[in-house]
Undergrad: 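Quick one: this structure, given as structure tokens, is what I'll be asking you about.
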2 protein chains.
Amino acid sequence: MTTASEELLRLDNQVCFALHATSRAFDATYRPLLRDLGLTYPQYLAMLALWEHGTLTVKELGLALRLDSGTLSPLLKRLEAAGLVRRERSPQDERSVVVTLTAQGEALREKAVNVPRRILASTGLSERELIELRRSLERVTAALDAATTEATPRP
Amino acid sequence: MTTASEELLRLDNQVCFALHATSRAFDATYRPLLRDLGLTYPQYLAMLALWEHGTLTVKELGLALRLDSGTLSPLLKRLEAAGLVRRERSPQDERSVVVTLTAQGEALREKAVNVPRRILASTGLSERELIELRRSLERVTAALDAATTEATPRP
DNA sequence: CACAACTTAATTGTGCACAACAGAGTTGTA
DNA sequence: TACAACTCTGTTGTGCACAATTAAGTTGTG
């Protein structure tokens with residue numbers, strides 16, 4: 001194997017590791033801010049989606065957040081226990097569970113409004129850099145998705 | 001609030017979310033490759049560090065991988081149960097646990113050697129893009145680390 | 001209508017991640 | 001030397017993530 005390709009493989013490991021580490025670093029930055037709201041980061045993501053759309057089925061929430069019911073069901077139950085959402089079977093289609101914000105869940109939005117600003121400051125990135133980073137991440141994710149679905153033989 | 005700053009906050013949310021999603025997409029890409037080796041991705045990271053350094057204490061491994069003992073202890077026990085590493089108290093300092101590769105752990109390296117190449121192909125990124133992405137991620141992580149440690153009052 | 005195929009959630013089991021705490025060992029210093 | 005402060009690992013509890021399975025409901029087709 002040439003030195004160049006060894007370097008490339010090393011670089012690949014570094015990128016995967018860095019991604020892992022950055023993701024956890026963001027988590028650690030969000031944690032204290034969200035603690036005041038009584039939310040974890042994934043719960044905050046679910047609330048963001050609900051604040052935007054008002055009401056969503058578990059299925060729709062899963063598509064938006066790229067999470068399956070094994071993750072969402074207990075998460076939503078915790079949000080329900082906290083009084084932030086209601087979960088009810090859809091009368092139209094009894095298979096679906098509709099998640100709706102409670103008044104308390106709506107109200108939390110006001111307290112959450114200054115979270116992104118504080119996170120933004122912590123990243124130390126300019127708008128230009130954020131856009132570039134987002135573009136890279138979305139591109140990698142799309143490529144990885146394509147690679148994994150293509151590897152899976154479809155029925 | 002101006003439209004421009006609203007956009008910026010929205011962008012910030014998108015970057016955090018994208019990071020989360022990309023990290024999980026990488027995980028999903030590694031999963032089937034590593035299953036053949038009997039490893040999860042965090043276990044693979046630990047093995048990479050051990051393949052490079054031969055022997056490390058739990059502390060050193062934690063620094064290298066940015067993980068604490070609450071995560072590493074059970075992970076290393078699983079690697080030990082799989083026969084890939086040995087864990088022994090250091091005779092020099094009985095507080096430390098030294099983690100060493102077994103012959104089987106060393107041997108696994110040969111089977112792992114083609115993993116990065118396949119991941120690299122799945123990302124669809126050029127070397128130039130990988131370098132840029134790594135740079136961004138490392139920069140963000142450093143900024144976030146600085147922000148969180150500075151927020152924590154030290155004794 | 002009957003029944004097979006499909007959709008949607010929930011459950012169970014495994015593993016990662018971190019906070020908070022406990023406990024054994026080490027080190028510096030009065 | 002005695003003892004306080006510190007270091008390092010481990011444990012417990014909570015929550016996220018996914019695979020595999022189960023169960024209930026819906027839809028399409030003979």
Undergrad: Side-chain donor-acceptor pair under 3.5 Å between A:T141 and A:E138, yes or no?
TA: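 There is no such pair (donor and acceptor under 3.5 Å, judged by atom type) between the side chains of A:T141 and A:E138.
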
Undergrad: Yes or no on ring-ring contact (aromatic ring centres under 6.0 Å, His included) for B:H20 and A:Y41, after CA distance, side-chain angles and deciding distance?
TA: CA-CA 10 Å; B:H20 214 71; A:Y41 180 60; 5.2 Å; yes

Undergrad: Which part of the nucleic acid does B:L72 contact within heavy-atom distance under 4.0 Å: base, sugar-phosphate only, or nothing?
TA: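 Touches nothing.
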
Undergrad: Counting any heavy atom closer than 4.0 Å, what does A:T71 reach on the DNA or RNA strands: base, sugar-phosphate only, or nothing?
TA: base

Undergrad: For A:L65 and D:dG15, what is the distance between atoms CG and C1' respectively, to the nearest whole Å?
TA: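 A:L65 atom CG is separated from D:dG15 atom C1' by 16 Å.
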
Undergrad: Considering only heavy atoms, which members of residues 18-32 of chain A lie under 4.0 Å from some atom of DNA chain D?
TA: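 Here the set is empty: none.
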
Undergrad: Let's see if you get this right: which residues in residues 78-89 of chain A place a heavy atom under 4.0 Å from DNA chain C?
TA: A:R87, A:R89

Undergrad: Can you confirm whether B:L19 sits close enough to B:V140 that some side-chain heavy atom of one is under 4.5 Å from a side-chain heavy atom of the other?
TA: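 In short, these two side chains do not touch, never coming nearer than 4.5 Å.
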
Undergrad: Which whole-number value in Å describes the distance from A:L34 CG to D:dG15 C1'?
TA: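 Atom CG in A:L34 sits about 14 Å away from atom C1' in D:dG15.
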
Undergrad: Whole Å only: how far is the NZ atom of B:K77 from the P atom of D:dT9?
TA: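 Computing the B:K77:NZ to D:dT9:P distance gives 13 Å.
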
Undergrad: Report all side-chain donor-acceptor pairs from residues 93-106 of chain A shorter than 3.5 Å, counting only partners two or more places apart or in another chain.
TA:
residue	atom	partner	partner atom	Å
A:D93	OD1	A:R95	N	3.0
A:D93	OD1	A:R95	NE	3.0
A:D93	OD2	A:R95	NE	3.3
A:D93	OD2	A:R95	NH2	2.6
A:T100	OG1	A:T55	OG1	3.3
A:T102	OG1	A:G83	O	2.6
A:T102	OG1	A:L84	O	3.1
A:T102	OG1	A:Q104	N	3.4
A:T102	OG1	A:G105	N	3.0

Undergrad: OG1/B:T40 to CG/B:L79 distance, rounded to the nearest 0.5 angstrom?
TA: 7.5 Å

Undergrad: Identify, with sequence neighbours excluded, every residue that meets side chain to side chain contact (heavy atoms under 4.5 Å, CB included) alongside B:S73.
TA: B:S69

Undergrad: Hey, does B:Y30 have a side-chain heavy atom less than 4.5 Å from the side chain of B:V115?
TA: yes

Undergrad: Decide whether B:I131 and A:L137 are clustered together by the hydrophobic rule: side chain heavy atoms of Ile, Leu, Val, Met, Phe, Trp, Tyr closer than 4.5 Å, transitively.
TA: yes

Undergrad: CG/A:L144 to CD1/B:I119 distance, rounded to the nearest 0.5 angstrom?
TA: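 Between atom CG of A:L144 and atom CD1 of B:I119 there are 7.5 Å.
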
Undergrad: Do A:R24 and B:L67 touch side chain to side chain, with heavy atoms closer than 4.5 Å?
TA: yes

Undergrad: Rounding to a whole Å, what distance do you find between A:L75:CG and C:dA9:P?
TA: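 Going from A:L75 (CG) to C:dA9 (P), I get 15 Å.
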
Undergrad: Rounded to the nearest 0.5 Å, what's the gap from CG on B:D145 to OG1 on A:T29? Could you check?
TA: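 Going from the CG atom of B:D145 to the OG1 atom of A:T29 covers 7.5 Å.
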
Undergrad: Taking only heavy atoms on the protein side, list every residue of residues 41-60 of chain B lying under 4.0 Å from any atom of DNA chain C, sorted numerically.
TA: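 Within this stretch, B:P42, B:Q43 sit under 4.0 Å of the strand.
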
Undergrad: Using whole Å, what does the distance between atom P of nucleotide D:dT11 and atom CG of B:L76 come to?
TA: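 That distance rounds to 12 Å.
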
Undergrad: It should be established whether A:T40 places a side-chain nitrogen or oxygen under 4.0 Å from OP1 or OP2 of nucleotide D:dC16.
TA: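 So the side chain of A:T40 is within the cut-off, an N or O lying under 4.0 Å from OP1 or OP2 of D:dC16.
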
Undergrad: Ion pair present between A:R10 and B:E52, side-chain N to carboxylate O less than 4.0 angstrom?
TA: yes

Undergrad: Produce a footprint string for nucleotides 20-29 of chain C: one letter per nucleotide, 5' end first; B if the base is under 4.0 Å from any protein heavy atom, S if only the sugar-phosphate is, - if neither.
TA: -----BS---

Undergrad: A:R87 versus A:K77: any side-chain heavy-atom pair under 4.5 Å?
TA: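 Yes, close enough: below the 4.5 Å cut-off.
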
